[in-house]
Amino acid sequence: MQVLEHVPLAPLTTLQVGGPARYFAQAATPDDVRQAVDWANLRAVPLFVLGGGSNLVVADSGFPGLVLRIAIGGVERREQDGKQVFEAGAGVEWDALVVQTVAANCAGLECMSGIPGTVGGTPVQNVGAYGQEVSGTIIEVQVLDLRDRQVRSLGHEACGFAYRRSIFNTGERGRFIILRVAYALQPGGAPTIAYRDLKQYFEHNGCPTLVSPGVGETGWGFALKRPTLSDVREAVKEIRLSKAMLIVEGDEDSRSAGSFFKNPALDPADYERLNAAAILLTGSAVPSYPAPARQYKIPAAWLVENAGFHKGYTRGNVGISRKHALAIVNRGGATAAEIIALNHDIQRAVLEKFGIQLTPEPVFVGFE
Ligand code: EPU
């Protein structure tokens, strides 16, 4: 295992801000991971595990310890209880795995097409989009337990999944390094078309197909066929593109960490209070979606916009995406300090106007 020094981290993240890693190594096998952990322990330097860098804000001073980039590859397939299990190395590019599952006509990940990052990051924040979350299919996560340096296998229940949460980013944060993840998918299963944007997409675009004449009929005709997994993948990518949530080289609106804030969930009484304030302040009701435990999920994007940070807002080298109010973007040459300052100002404005404390979604590295 080769340890490099002073390696710039900004190019390894989608937001592209921040300083260098004091030390940097890449791990292609679980054994490399162990070696790297020993290396950091021996020198008493902190360790940070890097995946695809799509949900990170790196401090301008960089990271003072060892940044370990997980490059464990390989996707294995097996049949188990009528499902097709895809077990992927933590370093596999997420969207490459999705492509493979859709091509194999296995349902379960198609709505999470076009998400940047690697497989290893997906259980951490329970990645989700357009009606699916990885918790819906993950059956096993193989980890290196830093308490005793043993490789273990955690089942679905042990991961403690909830909206953008798991044990990996809450109670057991920092304890495990994810090595492999197994997703159990439905062979020949129908795609999930539950999210409003996706339903609307197929209402408008349909899936016209040429059909042959039936018995007693003459002539060919067109009918709407049920969208396939591959149709849903293409639809999701198109929707993400329209929101700059698909990374496109040179598109500064996609130079972001995706959603910068989580969508808050409110109890009915708090929701009523917010709605009354929203009508008073903006003239319209706040959009909401049903959430577990009889709560209401509020789009953070709506709160951000209505607190004064509109799409396309610009301040120095940072701003809000022109296509989605939930993405803080680096307009070119931004510092982490600028990103953090805008983050704080948005949080303050939303708190003052609507009484809601927004929680950032990305992981902050090197800020302590
Ligand atoms: N909205 C606005 N302004 C905007 C955009 C959206 O007011 O600029 C409001 C609208 O009311 C809209 C609602 O927000 O109907 C929801 O917007 P959208 O469908 O774009 O979804 P989101 O709630 O903003 C969440 C995830 C995304 C995921 C999409 C689709 C979070 C924090 N974000 O966004 O995930 O792709 O749903 O499922 O839950 C990510 O986590 O990085 C991410 C991109």
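As the structure lists them, so they are numbered: ligands from 1, and atoms in each ligand from 1.
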Kindly assign one of parallel, tilted or perpendicular to the pair Phe354 and Trp302, based on the angle between their ring planes and the thresholds 30° and 60°.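 The rings of Phe354 and Trp302 sit tilted, inter-plane angle from 30° to 60°.
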
Measure from [atom] to every heavy atom in [options] and give the option owning the shortest one.
{"atom": "atom 39 (O) of ligand 1", "options": "Phe260, Tyr163, Trp302", "answer": "Tyr163"}
{"atom": "atom 35 (O) of ligand 1", "options": "Met245, Arg164, Lys297", "answer": "Arg164"}
{"atom": "atom 40 (C) of ligand 1", "options": "Ser259, Pro287, Ala325, Pro116", "answer": "Ser259"}

[X] heavy atoms, cut-off 4.0 Å: which ligand 1 atoms fall inside?
{"X": "Glu361", "value": "32 (C), 40 (C), 41 (O), 42 (O)"}
{"X": "Arg196", "value": "15 (O)"}
{"X": "Asp197", "value": "19 (O)"}

For the ring pair His156 and Phe161, is the centre-to-centre distance below 6.0 Å?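 Yes - the distance between ring centres of His156 and Phe161 falls below the 6.0 Å cut-off.
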
Does the protein place any heavy atom closer than 4.0 Å to atom 13 (C) of ligand 1?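 Under 4.0 Å from atom 13 (C) of ligand 1, at least one protein heavy atom found.
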
Indicate yes or no for a side-chain donor-acceptor contact from Asn317 to the backbone of Arg331 under 3.5 Å, with no hydrogens or angles considered.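 No, Asn317 side chain to Arg331 backbone: no donor-acceptor pair under 3.5 Å.
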
Please list the nearest protein heavy atom to atom 3 (N) of ligand 1 with its residue and the distance rounded to 0.1 Å. Glu305 OE1, 2.6 Å

In the protein, what heavy atom is nearest to atom 1 (N) of ligand 1, and what distance, to one decimal place, separates them? Ala301 CB, 3.6 Å

Report all side-chain donor-acceptor pairs from residues 256-268 shorter than 3.5 Å, counting only partners two or more places apart or in another chain.
unit_1: Ser256; atom_1: OG; unit_2: Gly258; atom_2: N; d: 3.0
unit_1: Asn263; atom_1: OD1; unit_2: Ala300; atom_2: N; d: 2.8
unit_1: Asp267; atom_1: OD1; unit_2: Gln295; atom_2: NE2; d: 2.9

Can a donor-acceptor pair be found between the side chains of Asn126 and Glu133 at a distance below 3.5 Å?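 The criterion, which ignores hydrogens and geometry beyond distance, is satisfied for Glu133 and Asn126.
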
For Gln125 and ligand 1, answer yes if some heavy atom of the residue is under 4.0 Å from a ligand atom, otherwise no.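 The answer is no: ligand 1 sits nowhere under 4.0 Å from a heavy atom of Gln125.
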
Side-chain donor-acceptor pairs of residues 35-42 under 3.5 Å, sequence neighbours excluded:
unit_1: Asp38; atom_1: OD1; unit_2: Arg149; atom_2: NE; d: 2.8
unit_1: Asp38; atom_1: OD1; unit_2: Arg149; atom_2: NH2; d: 3.1
unit_1: Asp38; atom_1: OD2; unit_2: Arg149; atom_2: NH2; d: 2.7

